[in-house]
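The first residue of the sequence shown is numbered 1, and numbering continues consecutively from there.
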Amino acid sequence: MKKVQETAEKIRTMEIRGAGRIAKAAAEAIRDYTAGLEAASMEDFSARIREVSDLLISTRPTAVSLPNAVKLSSRYSSGNVEEARQEILENASRFIERADKALERIGKMGARRIQDGDVIMTHCNSHAALSIITTAFEEGKDISVFATESRPRRQGLLTIRHLNGFGIPTTLIVDSAVRYYMKEVDKVIVGADAIAANGALVNKVGTSQLALAAHEARKSFMVAAETYKFSPSTIVGNPIEIEERAAEEVIDLSILADLPYVKVKNPAFDFTPAEYIDMIITDVGIIPPAMAYTIIKEHLGWELGDL
Ligand code: RI2
């Protein structure tokens with residue numbers, strides 16, 4: 001349990017971050033916990049698996065990859081402890097392998113949509129989006145990137161470091177310069193924390209302003225998302241909760257203490273409607289946002305009755 005608590009804490013504090021990475025870390029935590037679990041009975045086993053699952057899911061509310069990973073990993077049908085343990089170990093390992101392969105597949109499929117000479121804009125730090133960009137570059141395409149800073153946590157600094165490691169010409173811009181530079185851009189590629197059944201995207205706050213600017217300038221807006229970033233519960237209209245993080249990520253609290261009429265809002269994500277999305281590059285193919293429901297139905301193993 002201690003290791004699961006440590007993983008949960010790392011996800012909460014964003015030491016482990018990125019929708020794909022937190023999903024994989026949760027699957028690993030469940031796998032390791034289950035391997036060493038000493039249960040007195042099947043009831044005991046079930047209760048403990050539920051407890052760690054709930055703990056992991058409670059760490060961050062928005063990225064649906066997290067509950068998807070936990071649910072897919074912790075499934076079992078047997079009423080026997082040893083058999084149920086084996087089922088979970090296999091399911092968690094399968095999820096981890098799926099996650100690794102997904103990034104590679106997205107990179108390869110997405111790279112086909114990148115042309116020689118393309119200027120790409122990206123936001124925040126998405127491993128899926130970066131997989132496309134670096135794969136295209138390694139295939140020999142002469143590309144360059146505009147990377148946004150991504151306030152308040154400045155994940156853009158991770159992105160420029162990553163791109164620099166590949167030798168990709170990169171320009172760092174502040175988030176508010178997105179529209180100013182859009183005319184120089186050919187394609188926008190962002191990641192996803194969640195995709196709703198209607199094709200709407202939830203991603204790092206500021207994504208929707210990139211989409212709006214791209215739409216205005218008639219530039220292509222692409223989303224890189226593994227199939228486990230699609231949200232089954234949105235089929236029945238459940239909203240995706242937007243994580244509101246602490247004010248101190250935005251401003252020094254000592255400054256705020258002297259400003260009694262000021263409050264700070266710090267949503268970590270925003271919604272981009274499907275109309276602004278040209279394509280979603282998933283590990284099972286490139287789809288229009290209107291096909292999001294099909295991905296949920298065919299690749300997440302959810303029955304309507306589960307919702
Ligand atoms: P990958 C991140 O969230 C960003 O919003 C990013 O676009 C998204 O997860 C997907 O990232 P945060 O954890 O899974 O930085 O593609 O809040 O790496």
Side-chain angles (χ1 to χ4, degrees), residues 7-8 11-12 17-27 29-30 46 49-77 87-88 91-92 94-96 98-99 102 106 126 128 190-205 207-208 211 223-245 267-277 280-285 287-307:
T7 302
I11 295 175
R12 192 173 285 121
R17 54 147 296 280
R21 292 245 165 119
I22 61 178
K24 197 174 152 189
I30 287 174
S46 306
I49 295 294
R50 209 171 312 119
E51 188 189 0
V52 293
S53 298
D54 290 347
L55 171 64
L56 289 164
I57 290 174
S58 72
T59 52
R60 292 192 74 191
T62 303
V64 74
S65 49
L66 180 60
N68 279 345
V70 169
K71 284 175 192 161
L72 290 168
S73 299
S74 63
R75 278 183 168 192
Y76 58 87
S77 54
E87 284 185 66
I88 294 181
N91 284 334
R94 197 173 303 131
F95 182 85
I96 293 160
R98 175 178 173 180
I106 288 171
S126 157
V190 297
D193 286 84
I195 295 176
N198 66 1
L201 165 71
V202 176
N203 193 48
K204 183 57 54 195
V205 69
T207 299
S208 65
V223 179
E226 300 92 312
T227 45
Y228 47 83
K229 306 249 179 94
F230 289 71
S231 168
S233 72
T234 55
I235 293 176
V236 289
N238 286 342
I240 295 170
E241 183 185 338
I242 298 293
E243 178 179 3
E244 176 78 34
R245 295 189 64 87
F269 305 99
D270 66 16
F271 290 94
T272 299
E275 304 89 271
Y276 295 128
I277 300 169
I280 304 175
I281 299 158
T282 79
D283 38 309
V284 294
I287 60 160
M291 262 182 73
Y293 171 76
T294 312
I295 295 286
I296 296 170
K297 189 101 185 57
E298 290 179 7
H299 296 281
L300 285 166
W302 254 264
E303 296 301 329
L304 281 180
D306 294 344
L307 299 167

Here the gap from H299 atom NE2 to T294 atom OG1, rounded to the nearest 0.5 Å, amounts to 8.5 Å
Can you tell me if R245 has over 12 outside heavy atoms packed within less than 6.0 Å of its CZ? yes
Closest non-hydrogen contact found for L72 with N91 is O-CB, 3.3 Å
Correct closest heavy-atom pair for L201 and A192 would be CD1-CB, 3.4 Å
Applying side-chain contact (heavy atoms from CB on, under 4.5 Å) to V52 and not counting sequence neighbours gives M1, V4, Y33
CZ of R21 to OG of S126, rounded to nearest 0.5 Å, is 10.5 Å
message: Quick check against the 3.5 Å criterion: does S231 have a side-chain atom that pairs as donor or acceptor with the backbone of A194?
response: no
Rounding to 0.5 Å, atoms OG1 (T7) and CD1 (I22) come to a distance of 12.0 Å
The ring pair (Phe, Tyr, Trp, His ring centres under 6.0 Å) partners of F95 (sequence neighbours excluded) come to Y228
Contacts of I57 meeting side-chain contact (heavy atoms from CB on, under 4.5 Å) (sequence neighbours excluded), chain-then-number -> P67, V70
_Donor-acceptor under 3.5 Å (T282 side chain, T227 main chain)_ = no
| message | Under the criterion side-chain contact (heavy atoms from CB on, under 4.5 Å), I'd like the reasoning laid out for L300 against N68: C-alpha separation, chi angles, the key distance, then a yes or no. | response | CA-CA 8 Å; L300 285 166; N68 279 345; 4.0 Å; yes
**Asked** Strictly by modelled atom types, are D270 and S208 linked by a side-chain donor-acceptor pair under 3.5 Å?
**Response** yes
Between L56 and T59 the two heavy atoms that sit nearest each other are O-OG1, 2.7 Å
A92 and A27 have their tightest heavy-atom pair at CB-O, 3.7 Å
CD1 of I242 to OG1 of T62, rounded to nearest 0.5 Å, is 5.0 Å
Practice task
May I have the step-by-step check of side-chain contact (heavy atoms from CB on, under 4.5 Å) for F269 and V205, ending in yes or no?
Solution key: CA-CA 4 Å; F269 305 99; V205 69; 5.5 Å; no
(message) Using a 3.5 Å distance criterion without hydrogens, assess whether the side chain of S65 forms a donor-acceptor pair with backbone atoms of A19.
(response) yes
### Message
Would the distance check show the side chain of E87 and the main-chain N or O of S77 forming a donor-acceptor pair, the cut-off being under 3.5 Å?
### Response
yes
